[in-house]
Amino acid sequence: MTPRRRYWLMKSEPQAFSIDDLQRVGTEPWNGVRNYQARNFMRDGMRVGDGVLFYHSNTRIPGIVGTATVASPAYPDDTQFDRKSPYYDPKATREEPRWQLVDIAFERKLSRTISLDEIKQHADELGEEFALIRRGNRLSVFPVSAAQYRYLLSLE
DNA sequence: GCCAACGTTGGC
DNA sequence: GCCAACGTTGGC
């Protein structure tokens, strides 16, 4: 039996890597995640074909700008071994990698940004537990329910 | 194992 | 650029 598709939200700073960048390259290793909870979601929760809401953070109008899909199982993030990378982790070794990632494939760009501001106005429909609008939440990768995924895209 | 210091995230 | 929130580190 095919497992039910899961859904995720992934944040990226557009000046570092934007939805347009993803559209250009098609598929991208989601490197640089250095938070254990976010890593665990990628390593233990994600499966090929899962749906991803692509979110622009730390920008003039933060919000959801496109969709993508999980395109690979989790595998070690190469940047942890690279001394020249800003993501280099001296405690990680090839034998015992610490950080994992998945590949993300472009699906589509939304016709408009569904802004954080707008998302907050729909807090009731999304539920209190929706991680994006919980106070102080800084996770860059987290699960979204199928209902939340559908609802957010229905705002487009 | 506690917790102060420090670093990062990300909205504003 | 500010700063609240909060995860991580490391001394003890």
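Throughout, a chain's letter reflects where its sequence line sits, starting with A, and its residues are numbered from 1. Heavy atoms only: backbone and side chains are in, while hydrogens, waters and symmetry mates are out.
A donor-acceptor pair under 3.5 Å is formed between the side chain of A:Gln148 and the backbone N or O of A:Ser145. Distance alone, capped at 3.5 Å, is enough to place a donor-acceptor pair between the A:Glu156 side chain and the A:Ser111 backbone. For A:Thr59 (side chain) and A:Pro62 (main-chain N/O), no donor-acceptor pair under 3.5 Å exists by modelled atom type. When atom types are taken as modelled, the side chain of A:Glu28 and the backbone of A:Ile104 share no donor-acceptor pair closer than 3.5 angstrom. Here the side chain of A:Gln80 pairs a donor or acceptor atom with the backbone of A:Asp77 at under 3.5 angstrom.
In 5' to 3' order, the nucleotides of DNA chain C bounding all contacts with chain A (an atom under 4.0 Å from a heavy atom) are C:dA5 to C:dG10.
Direction change of the helix axis from one end of the helix from B:dG1-C:dC12 to B:dC12-C:dG1 to the other is 10°, with five pairs defining each end axis (rounded to 10°).
Around CD of A:Gln15, the count of heavy atoms belonging to other residues, nucleotides or ligands within 6.0 Å exceeds 12.
A:Asp20 has a carboxylate O that lies under 4.0 Å from a charged side-chain N of A:Lys109, or vice versa, which qualifies the two as a salt bridge.
Toward the 5′ end of DNA chain C lies the nearest nucleotide of A:Asn137, the other residue of the pair A:Asn137 and A:Lys91 mapping further downstream.
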Q | side-chain contact (heavy atoms from CB on, under 4.5 Å) between A:Trp8 and A:Arg6, worked out | A | CA-CA 7 Å; A:Trp8 310 89; A:Arg6 295 174 181 168; 3.9 Å; yes
